[in-house]
Number of protein chains: 2
Amino acid sequence: MKGTTMAPIAQCPDCRRLNEVLSRVGDRWSVLIVASLSQYGTLRFNELKRNLGISQRMLSLTLRDLERDGLVSRTYYPTIPPKVEYALTPLGDSFREPVEVLAVWGLENLKAIDAARAQYDDAAEKDVKSA
Amino acid sequence: MKGTTMAPIAQCPDCRRLNEVLSRVGDRWSVLIVASLSQYGTLRFNELKRNLGISQRMLSLTLRDLERDGLVSRTYYPTIPPKVEYALTPLGDSFREPVEVLAVWGLENLKAIDAARAQYDDAAEKDVKSA
DNA sequence: CGGCATCCGCATGGATACTG
DNA sequence: CAGTATCCATGCGGATGCCG
């Protein structure tokens with residue numbers, strides 16, 4: 001979702017903007033990392049890894065992008081063993097609201113989606129049988 | 001982003017929920033289609049296609065999923081040539097808020113992201129030169 | 001511990017051609 | 001017009017191994 005080349009969006013004014021947003025922080029891991037950090041404040045690499053069930057590869061890649069985009073700060077302690085702490089920057093913190101709104105929406109509407117899906121699948125199955 | 005198998009998320013209570021939400025409506029096209037319909041009310045297949053610069057394939061696939069999940073309604077007029085209208089259901093309409101919040105966030109923060117990114121890249125380039 | 005490098009399967013998603 | 005079917009490139013994302 002992040003690095004996909006896109007045909008230019010002709011119309012739909014703020015679709016363009018949405019498209020931009022999604023290109024930057026629209027992938028699953030970015031959202032989940034921000035959500036995690038927003039809950040726990042500061043987390044280390046492996047804490048995030050365990051928390052999210054993400055692979056090291058995707059975690060380091062996504063964290064680097066988030067740091068590059070100014071959403072996450074990275075603090076390195078050259079101790080032995082080394083220690084790295086990740087936290088939200090003010091910009092990253094501002095992203096909490098959209099994430100929070102999305103989470104609330106999910107809480108209220110996920111069951112409705114499941115119901116609609118089940119109903120749709122039932123109807124589809126009947127179509128098959130009647131054919 | 002939709003059909004990816006996921007390692008179970010151990011901690012982070014509402015990360016689980018976010019994960020669910022993202023699995024259903026977290027992909028680029030779903031969001032953009034809802035955004036489009038929320039602006040124009042009702043759109044035909046090719047209108048959406050032109051609007052978003054999406055391929056027929058992804059449009060029909062995504063629309064089917066959105067219909068299955070109860071976010072979008074599909075009305076077929078068996079005229080010649082045929083005519084199909086897509087619109088938001090009440091459930092789909094409820095999704096406008098998260099999308100809207102995200103769009104507003106983008107309006108306010110995209111430039112900051114670009115700036116942070118440029119700064120990060122500059123710093124990285126200097127590191128290369130000094131090496 | 002906190003990564004990076006590599007390999008690789010598989011889904012995503014575009015382009016094209018064809019149908020009703 | 002509104003799709004479906006097929007082919008194919010890209011790259012996401014997981015698994016493994018190694019290094020500071």
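The side chain to side chain donor-acceptor pair (under 3.5 Å) test applied to Arg44(B) returns no partner, not counting sequence neighbours. For Arg17(A), the side chain to side chain donor-acceptor pair (under 3.5 Å) criterion is met by no residue, not counting sequence neighbours. A search for side-chain contact (heavy atoms from CB on, under 4.5 Å) contacts involving Ser60(B) returns Phe45(B), not counting sequence neighbours. For Glu67(B), there are no salt bridge (Lys or Arg N to Asp or Glu O under 4.0 Å) partners two or more places apart in sequence or in a different chain. For Arg117(B), the salt bridge (Lys or Arg N to Asp or Glu O under 4.0 Å) partners at least two apart in sequence or on another chain are Asp69(A).
Atoms CD (Glu85(A)) and C1' (dG2(C)) sit 13 Å apart, rounded to a whole Å. Atom CZ of Arg28(A) is separated from atom C1' of dA11(C) by 13 Å (rounded to the nearest Å). As a whole-Å value, the separation of Asp65(A) CG from dG3(C) C1' is 15 Å. Phe45(A) places its CZ atom 8 Å from the P atom of dC4(C), with the value rounded to the nearest Å. The CG-C1' distance, from Asp27(A) to dC12(D), rounds to 10 Å in whole Å. In this structure, CD of Glu67(A) is placed 10 Å from P of dC4(C), rounded to the nearest angstrom.
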Paired and unpaired positions of DNA chain C as dot-bracket, Watson-Crick or G-U wobble under 3.5 Å, | denoting a partner strand: .|||||||||||||||||||
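At dC1(C), none of the side-chain N or O atoms of Tyr86(A) fall inside 4.0 Å of OP1 or OP2 (strictly under the cut-off). Contact annotation: Ser60(B) side-chain N/O to dG3(D) OP1/OP2 distance is not under 4.0 Å. Not one side-chain nitrogen or oxygen of Arg64(A) sits closer than 4.0 Å to the OP1 or OP2 atom of dG3(C).
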Full working for side-chain hydrogen bond (donor to acceptor under 3.5 Å, both in side chains) between Asp65(B) and Thr62(B): CA-CA 5 Å; Asp65(B) 281 345; Thr62(B) 308; 6.0 Å; no
Donor-acceptor pairs under 3.5 Å, side chain of residues 90-103 of chain A to any protein atom, not counting sequence neighbours: which ones?
| unit_1 | atom_1 | unit_2 | atom_2 | d |
| --- | --- | --- | --- | --- |
| Asp93(A) | OD1 | Arg96(A) | NH1 | 3.3 |
| Ser94(A) | OG | Leu91(A) | O | 2.5 |
| Ser94(A) | OG | Trp105(B) | NE1 | 2.9 |

Donor-acceptor pairs under 3.5 Å, side chain of residues 80-88 of chain B to any protein atom, not counting sequence neighbours: which ones?
| unit_1 | atom_1 | unit_2 | atom_2 | d |
| --- | --- | --- | --- | --- |
| Glu85(B) | OE1 | Tyr77(B) | OH | 3.4 |

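In the set dC1(C), dC1(D), dG3(D), dC1(C) carries the atom at the smallest distance from any side-chain atom of Arg44(A). Of the candidates dG14(C), dC1(C), dA2(D), dG14(C) carries the atom nearest the Met58(B) side chain, counting heavy atoms from C-beta on.
A donor-acceptor distance shorter than 3.5 angstrom exists from the side chain of Ser38(A) to the backbone of Ala35(A), with no hydrogens or angles considered.
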Contact letters for nucleotides 15-20 of chain C, in which S counts primed atoms plus P, OP1 and OP2 and B counts the base, heavy atoms under 4.0 Å: BB---B
